[in-house]
Protein chains: 2
Amino acid sequence: MKQKITIKTIAKELGVSTSTVSKALKDSHEISEETKQKIQAYANLYNYKPNNLALQLRNQKTKLIGVILPQIVHHFFSTIIKGIEEVANEKGYHIMVCFSKESYKKEYENLRVLSNGSVDGLIVSIANETLENKDFSHFKDLVSEEIPLVLIDRVVSEIMCDKVVVDDVGGGYKATDYLLHSGCKKIALVTTPNHVSVSALRRQGYEKALIENYIKSDASLIVEIDDDKDFNTQISHIFDQDIDGILAVNEIYAAKCIRYAKEKQFDVPNDISVIGFTDGLISEYSTPSITCVAQHGFLMGKQAVEMLIHHIENDSEDYHPRRNVISSDLIVRESTKSSS
Amino acid sequence: MKQKITIKTIAKELGVSTSTVSKALKDSHEISEETKQKIQAYANLYNYKPNNLALQLRNQKTKLIGVILPQIVHHFFSTIIKGIEEVANEKGYHIMVCFSKESYKKEYENLRVLSNGSVDGLIVSIANETLENKDFSHFKDLVSEEIPLVLIDRVVSEIMCDKVVVDDVGGGYKATDYLLHSGCKKIALVTTPNHVSVSALRRQGYEKALIENYIKSDASLIVEIDDDKDFNTQISHIFDQDIDGILAVNEIYAAKCIRYAKEKQFDVPNDISVIGFTDGLISEYSTPSITCVAQHGFLMGKQAVEMLIHHIENDSEDYHPRRNVISSDLIVRESTKSSS
DNA sequence: CGGAATTGCGAAAACGGTTTCGTGTTGACA
DNA sequence: TGTCAACACGAAACCGTTTTCGCAATTCCG
């Protein structure tokens, strides 16, 4: 890279001190008009830009927010990033994004690097592996160093920090309740292994809705998908049980269920209704389009960054961790019958 | 944030100089074993971490790569980010991502901020508005400041820097050629306004394939979609012309065309075959699944960051802009008939 | 035992800015 | 003519780290 022009260069060229240059560039009243003109003209001519690193070091703030997410090629997470970036930018911040790829090690590593003063605060959604291991010491270290932290979507209660979560229980409940009210009697749940916190919550909502409608939850109607195995073989047995509704914990599972149902000559939604989570492109554009629980990732990102920046900029005030819950809404499309 | 422990603190507490601490922490032979032990123990105890900003300022490098993309909630772009982040991380870099939202102003602003020494280099995909305006002076400034820059996907020849592009002409050609060989006679093109460089290239490929097969390109079969207007009314007229094939420049247009075709009682692929660009989730999961041209965003990201880091780390060698072309492949699915 | 080599450490400059606190020169006013 | 304020600018400290160089004190060797 070309040697960049600094305040020192200008000072030397113009025979003044660096303090004078600094002040002149900020239009300080201490400096005479004449000198200011000269310095500003020179700076403009040579396209002087103050070095950000120097400023950050001096001000002890980077105006940078670290974001660590498990994945990126995923509608929900990319929507969150969009929300974060938008509000961050408005408030003069930029974002550094890293991906843990659901791995504890990468998450740990990212956290370590970013907490070295590179960023003013962090927004994190915890990796699945970490949730499984239940080892949150790296987060607790962060908290004890008093580095502003906001946890989103996948959170755990033992980490004392700001949080923004989706009302997953409510989402599961609403979806199941809608299926029941549209006439479904026997609803299967297609989910992930239970250590994934959001899936566990959605399952709670599912079970709550069943109970409230006097239906016994039936373990044989619940499939915990192992992504390493073939999807269809894992779900085939639920189709043998006269089900007329499926709640899937994400839109991919929903789409795959619909596809399988069609192959088996079931009509969606009349024979079997399907609801998924994540209001992404699949739900919108597949045929039939899929009724789903929208989690409002954009809003989540916005709220998270607002909480974080508040925390960063009001350092002094005594801090009480806050927890925002974003309610999830049912977007009704073609994969369900209309509710009575 | 809590006052972080610095080398100075350690030095003062232990009654040594900062130089000694610095050397001790790097296990320098200049320092006696005894002193090293003492200092390292203290540093460990109080969880000392060197301040990144200070290091960056001293080393004159940030190990940070700026990434500016037009959008994020988009399969292709998020795949690119994934590729960039993966390779960057391997090589000890992190990424700062910004989004121009297709706006010239935001792009300009982001470029300005990031070129202040915040990053060691930049990877950018140009905003549509900028392509339309044809004002690339902000990029040229970057080049003349010799800030390492790699342009991806949407590029223009007048900016002298490294580039990674998709073979869009080839993609358009392959897709059209495939449609022709599967028996289509009259193929419509559903595209964006022509200032979007990639669309223009895909159209070139489309036209080239037609010409090679002795078919006259027919302007009435080409629709430039205005996203602000209703999609269906814009495409309806091509369906009145006995078409039997559609090439869409992205997967959303493809999905919408298929949906419209179904509504009008056309069978896809037998009455009308459809091919889209972007091998995203829609193409994979909708029914029928959509044959499409895969652009390999992941690979593009990887290549871009490799070129960039090479440029950053081999500053001295004389620099000749390179241009990588990533070939695009046809992923054949259910929305097309099999080729003869 | 004297000079040289080695060891162990500190002072200071450097990275690029900002900011506080002088200080010398004016000019006004008593 | 002496005093004081205002003006215009510079010196130096500071942010946290690395690194070169120099300087004692000790050890080694002849």
Side-chain angles (χ1 to χ4, degrees), chain A residues 1-40 42-43 46-64 113 115-120 145 315, chain B residues 1-40 42-43 46-64 113 115-120 145 315:
Chain A
M1 217 182 311
K2 202 147 110 186
Q3 188 57 29
K4 300 200 71 169
I5 182 171
T6 73
I7 269 197
K8 281 189 195 169
T9 332
I10 304 184
K12 198 180 295 174
E13 285 305 307
L14 263 44
V16 294
S17 78
T18 59
S19 1
T20 307
V21 177
S22 174
K23 290 169 190 164
L25 292 174
K26 341 200 72 169
D27 231 4
S28 159
H29 62 275
E30 283 185 53
I31 307 297
S32 70
E33 276 310 317
E34 193 189 1
T35 315
K36 276 199 265 190
Q37 294 278 331
K38 196 173 59 176
I39 292 176
Q40 287 169 4
Y42 190 97
Y46 290 99
N47 193 23
Y48 166 78
K49 296 185 227 163
N51 179 305
N52 238 326
L53 293 177
L55 289 179
Q56 293 175 356
L57 181 59
R58 168 128 250 274
N59 299 331
Q60 295 291 79
K61 60 177 85 157
T62 61
K63 288 282 184 176
L64 225 52
V113 174
S115 64
N116 279 226
S118 304
V119 297
D120 290 346
E145 287 177 51
D315 198 14
Chain B
M1 216 182 310
K2 201 147 105 187
Q3 189 53 30
K4 299 202 69 170
I5 181 170
T6 74
I7 271 197
K8 279 189 194 169
T9 332
I10 304 183
K12 199 181 295 172
E13 284 306 307
L14 263 44
V16 294
S17 77
T18 59
S19 359
T20 306
V21 176
S22 174
K23 289 170 191 163
L25 291 174
K26 336 201 75 165
D27 230 5
S28 158
H29 62 274
E30 282 186 52
I31 308 297
S32 70
E33 275 310 317
E34 195 190 359
T35 315
K36 276 198 266 190
Q37 295 278 329
K38 197 174 56 177
I39 293 176
Q40 287 170 4
Y42 190 96
Y46 290 99
N47 194 23
Y48 166 78
K49 296 184 227 162
N51 179 304
N52 237 325
L53 292 177
L55 288 178
Q56 292 175 357
L57 180 59
R58 168 127 251 276
N59 299 331
Q60 294 291 83
K61 61 175 85 156
T62 61
K63 287 282 182 176
L64 225 53
V113 175
S115 64
N116 278 226
S118 303
V119 297
D120 290 346
E145 288 178 50
D315 198 15

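Chain letters run A, B, ... following the sequence lines, proteins first and then strands; every chain starts at 1.
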Legend entry - Partner residues of A/S22 under the side chain to side chain contact (heavy atoms under 4.5 Å, CB included) criterion, sequence neighbours left out: A/I7
Legend entry - the helix from C/dC1-D/dG30 to C/dA30-D/dT1: angle between end helix axes, five pairs per end, rounded to 10 degrees: 70°
Inset, instruction - Go through DNA chain D in 5' to 3' direction and return only the first and the last nucleotide with some atom under 4.0 Å of chain A's heavy atoms. - result: D/dA8 to D/dG16
Legend entry - Under the salt bridge (charged side-chain N to carboxylate O under 4.0 Å, His left out) test, residues paired with A/K49 that sit two or more places apart: B/E145
Inset, instruction - May I ask you to check whether over 12 heavy atoms, not counting those of B/K4, lie within 6.0 Å of atom NZ? - result: yes
Legend entry - Partners passing side chain to side chain contact (heavy atoms under 4.5 Å, CB included) against A/K8 (at least two apart in sequence or in another chain): A/T6, A/T18
Legend entry - Any donor-acceptor N/O pair, B/N51 side chain to B/L53 backbone, under 3.5 Å: yes
Legend entry - Spacing of A/N59 atom CG relative to C/dT19 atom C1', expressed in whole Å: 11 Å
Legend entry - Residue list, side chain to side chain donor-acceptor pair (under 3.5 Å) with B/K63, at least two apart or on another chain: none
Legend entry - side chain to side chain contact (heavy atoms under 4.5 Å, CB included) between A/L14 and A/V21, intermediate numbers included: CA-CA 9 Å; A/L14 263 44; A/V21 177; over 6 Å; no
Inset, instruction - Report the residues that fulfil side chain to side chain donor-acceptor pair (under 3.5 Å) with A/Q60, sequence neighbours left out, ordered by chain and then residue number. - result: none
Considering only nitrogen or oxygen atoms on both sides, find all protein atoms under 3.5 Å from nucleotides 9-11 of chain C and state each distance.
residue	atom	partner	partner atom	Å
C/dC9	OP1	B/T35	OG1	2.5
C/dC9	OP2	B/S32	N	2.8
C/dC9	OP2	B/S32	OG	3.1
C/dC9	OP2	B/T35	OG1	3.2
C/dC9	N4	B/E30	OE1	2.6
C/dG10	OP2	B/S17	N	2.9
C/dG10	OP2	B/S17	OG	3.2
C/dG10	OP2	B/T20	OG1	2.2
C/dG10	O6	B/K23	NZ	2.5
C/dA11	N7	B/S19	OG	3.3
C/dA11	N6	B/S19	OG	3.1

Legend entry - Non-neighbouring partners of A/E34 that pass salt bridge (charged side-chain N to carboxylate O under 4.0 Å, His left out), sequence neighbours left out: none
Inset, instruction - Mind running side chain to side chain contact (heavy atoms under 4.5 Å, CB included) on B/I10 and B/I5 for me, showing each step along the way? - result: CA-CA 8 Å; B/I10 304 183; B/I5 181 170; 4.0 Å; yes
Legend entry - Partners meeting salt bridge (charged side-chain N to carboxylate O under 4.0 Å, His left out) with B/K36 (sequence neighbours left out): B/D27, B/E33
Legend entry - Distance in angstrom units between B/L55 CG and C/dA14 C1', rounded: 14 Å
Inset, instruction - Report the distance from atom CG of A/L25 to atom P of C/dT18, rounded to the nearest whole Å. - result: 8 Å
Inset, instruction - Starting from P on C/dG17, measure out to NZ on A/K26 and report it in whole angstrom. - result: 11 Å
Inset, instruction - Provide, to the nearest angstrom, the distance between the NZ atom belonging to B/K8 and the P atom belonging to C/dA12. - result: 14 Å
Inset, instruction - Have a look at B/S22 and say if it touches a base, only the backbone sugar-phosphate, or nothing, with a 4.0 Å heavy-atom cut-off. - result: base
Legend entry - side chain to side chain donor-acceptor pair (under 3.5 Å) involving A/S28 - partner list, sequence neighbours excluded: none
Inset, instruction - Show your reasoning for whether side chain to side chain contact (heavy atoms under 4.5 Å, CB included) applies to A/T9 and A/Y46. - result: CA-CA 10 Å; A/T9 332; A/Y46 290 99; over 6 Å; no
Legend entry - Sorted by number, the residues of residues 47-54 of chain B with heavy-atom contact under 4.0 Å to DNA chain D: B/Y48, B/K49, B/P50, B/N51, B/A54
